[in-house]
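What follows is a single structure, written as structure tokens, with notes after it.
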Amino acid sequence: MQAGLWVLVATFAALGLLGYQRDRARRHRRDPDRVGVIDWALVQLLAVLGALVCAALALGAGQ
């Protein structure tokens with residue numbers, strides 16, 4: 001079970017990095033009228049929170 005939680009931590013971290021990269025690209029786009037559908041800042045926030053929760057659960061399961 002603990003290994004599965006660490007896999008989730010890595011997955012959430014990768015999703016958080018993707019959210020950061022896409023949000024940065026959105027902020028620096030050349031055409032300000034070209035808006036996106038996904039709120040990447042929210043995706044990044046939720047991914048980081050998910051990674052923190054899963055990491056806390058994985059560390060707690062190790063005891």
Side-chain angles (χ1 to χ4, degrees):
M1 178 177 149
Q2 188 177 7
L5 287 172
W6 286 115
V7 169
L8 278 177
V9 170
T11 304
F12 278 130
L15 186 61
L17 288 173
L18 175 69
Y20 169 76
Q21 189 267 336
R22 296 308 308 154
D23 187 51
R24 186 174 187 283
R26 183 194 60 82
R27 283 185 278 121
H28 292 96
R29 66 181 180 259
R30 292 181 190 263
D31 185 7
D33 292 331
R34 218 177 122 211
V35 296
V37 177
I38 299 175
D39 184 10
W40 289 106
L42 179 62
V43 170
Q44 180 185 3
L45 173 70
L46 293 176
V48 168
L49 287 174
L52 289 174
V53 168
C54 288
L57 288 173
L59 290 173
Q63 295 180 3

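The basis for the numbers below is simple: all heavy atoms, side chains too, and nothing from hydrogens, waters or symmetry mates.
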To check you understand the geometry: which heavy-atom pair defines the closest contact between [X] and [Y], and what is its length?
X	Y	value
Ala13	Ala51	N-CB, 4.4 Å
Val9	Ala55	CG2-N, 3.4 Å
Arg29	Arg34	NE-O, 3.1 Å
Phe12	Cys54	CE1-SG, 3.8 Å
Gly16	Ala47	N-CB, 3.5 Å

Any chance CZ of Arg27 has more than 12 other-residue heavy atoms, nucleotides or ligands included, within less than 6.0 Å?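 Above 12, so yes.
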Just by modelled atom types, is the Gln21 backbone N or O under 3.5 Å from a matching donor or acceptor in the Arg24 side chain?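 Looks like no, no N/O pair under 3.5 Å.
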Arg26 (side chain) donor-acceptor with Trp40 (main chain) under 3.5 angstrom: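 No.
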Path from Leu46 to Leu52 over hydrophobic side-chain contacts below 4.5 Å: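 No.
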Using the rule that two of Ile, Leu, Val, Met, Phe, Trp, Tyr join whenever any of their side-chain heavy atoms come within less than 4.5 Å, decide whether Leu45 and Val43 are in one cluster.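 Shared cluster, no.
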So, taking the atom named CG in Asp23 and the one named NE2 in His28, what distance separates them when rounded to the nearest 0.5 Å?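 Result: 10.0 Å between the selected atoms.
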Approximate separation, where rounding is to 0.5 Å, of Leu59 CG and Gln2 CD: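 Those atoms lie 7.5 Å apart.
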